[in-house]
Amino acid sequence: GIQVEQSPPDLILQEGANSTLRCNFSDSVNNLQWFHQNPWGQLINLFYIPSGTKQNGRLSATTVATERYSLLYISSSQTTDSGVYFCAGGASYNTDKLIFGTGTRLQVFP
Amino acid sequence: DGGITQSPKYLFRKEGQNVTLSCEQNLNHDAMYWYRQDPGQGLRLIYYSQIVNDFQKGDIAEGYSVSREKKESFPLTVTSAQKNPTAFYLCASSMGETQYFGPGTRLLVL
């Protein structure tokens, strides 16, 4: 099956810093999505981004489908950005079955 | 408000006992999903349903059962056959590609 690798596994930042999170897939995926899980466990969908670039406020994401990776950029980080960031994607033959990476744990300190 | 609700927030299971986790959505989404999350790990798919009265096994269905009698509801039963049920359980729904998650249920074995 498809393997999803996220890096770095942990990231510690001071407020105001920028960061880049990476997601690599072992095979082509459809419906690539980025999620943020807050410290209470709630997952929020950040981006649906099978290809190209999208921006939403201080967050942006880029997916290069031909090279099987995606990047999530966080600019001017805030303490509320803390949590775990997951990427997930589904194989082209079954897009309902999302495969999740193990996440990047981000801690932002004031 | 539209959204996904899960209950209870915490659930304790005794040895040999079956327990049922509730998931309800009022988003009019066709598809619903159950995921399991272990500490420090990503999410793994247990079961999913694309339409009422139909569901498919995910990657870790053994020891679990589901039903989909109504569009709004997708309960998950953790049976006594699931030998390691302690985990965080997340329900999601989607209309199209983007998945939206409920707040989760933490299941602990006594």
Side-chain angles (χ1 to χ4, degrees), chain A residues 1-10 21 23-26 29-52 54 56 61 63 65 70 83-107, chain B residues 2-11 21 23 25 27 29-51 54-61 66 68 74 87-108:
Chain A
I2 293 174
Q3 305 297 316
V4 182
E5 184 178 306
Q6 290 188 243
S7 61
D10 295 281
L21 282 60
C23 179
N24 289 332
F25 289 85
S26 61
V29 297
N30 291 336
N31 66 353
L32 195 153
Q33 302 175 45
W34 282 94
F35 298 88
H36 175 231
Q37 186 170 39
N38 68 22
W40 298 271
Q42 176 74 57
L43 263 87
I44 302 296
N45 193 297
L46 299 174
F47 293 103
Y48 167 70
I49 186 163
S51 64
K54 288 186 177 179
N56 184 4
T63 296
S70 184
V84 184
Y85 290 81
F86 292 102
C87 63
S92 57
Y93 52 84
N94 192 343
T95 56
D96 277 310
K97 293 183 69 174
L98 282 182
I99 308 298
F100 280 76
T102 54
T104 291
R105 182 174 298 276
L106 174 63
Q107 297 179 71
Chain B
I4 304 170
T5 58
Q6 292 187 240
S7 62
K9 190 172 182 178
Y10 295 95
L11 185 58
L21 285 61
C23 178
Q25 54 99 0
L27 301 168
H29 287 172
D30 288 322
M32 297 186 74
Y33 311 81
W34 274 106
Y35 292 90
R36 169 180 171 142
Q37 186 179 26
D38 293 287
Q41 300 297 313
L43 281 66
R44 291 183 291 167
L45 183 64
I46 304 172
Y47 269 99
Y48 63 104
S49 168
Q50 295 169 305
I51 197 169
D54 188 44
F55 49 82
Q56 288 78 40
K57 291 182 179 180
D59 298 317
I60 55 165
V66 293
R68 187 85 186 276
F74 191 39
F88 187 46
Y89 291 86
L90 288 151
C91 176
S93 70
S94 70
M95 178 74 81
E97 308 297 348
T98 303
Q99 293 194 14
Y100 299 91
F101 283 81
T105 293
R106 294 192 186 275
L107 176 61
L108 299 170

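Sequence lines set the chain letters: A, B, ... in the order given, protein chains first and strands last, and positions in each chain run from 1.
Residues B/Phe101 and A/Gln42 come closest through the heavy atom pair O-NE2, 3.0 Å. Here the closest non-hydrogen pair linking A/Gln37 and B/Phe88 is NE2-CE2, 3.8 Å.
Dense packing is recorded around CG of B/Leu108, with more than 12 heavy atoms of other residues, nucleotides or ligands lying under 6.0 Å away.
Side chain of A/Asn45 to backbone of B/Tyr100: no donor-acceptor contact under 3.5 angstrom is found. Checked by atom type and distance alone, the side chain of A/Gln33 pairs as donor or acceptor with a backbone atom of B/Glu97 at under 3.5 Å.
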request  = Report the C-alpha distance between A/Leu98 and B/Leu43 in whole Å, list the side-chain angles of each, state the deciding distance to 0.1 Å, and finish with yes or no for side chain to side chain contact (heavy atoms under 4.5 Å, CB included).
outcome  = CA-CA 9 Å; A/Leu98 282 182; B/Leu43 281 66; over 6 Å; no
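The candidate from A/Gly41, A/Gly101, A/Pro50 with the greatest count of non-hydrogen atom pairs under 4.5 Å with chain B is A/Gly41. Here B/Pro103 is the residue among B/Gly96, B/Gly104, B/Pro103 with the most heavy-atom pairs under 4.5 Å with chain A.
Contact of B/Leu45 with chain A is made through the side chain alone, with heavy-atom distances under 4.5 Å. Only the side chain of A/Ile99 comes within contact range of chain B, with at least one heavy atom under 4.5 Å from a heavy atom of that chain. In this structure, chain A has no heavy atom under 4.5 Å from any part of B/Gln56. Proximity to chain A (any heavy atom under 4.5 Å) is shown, for B/Arg44, by neither the backbone nor the side chain.
Results of the ring pair (Phe, Tyr, Trp, His ring centres under 6.0 Å) test with B/Tyr35 over A/Phe86, A/Phe100, A/Phe35 single out A/Phe100 as the only residue that passes.
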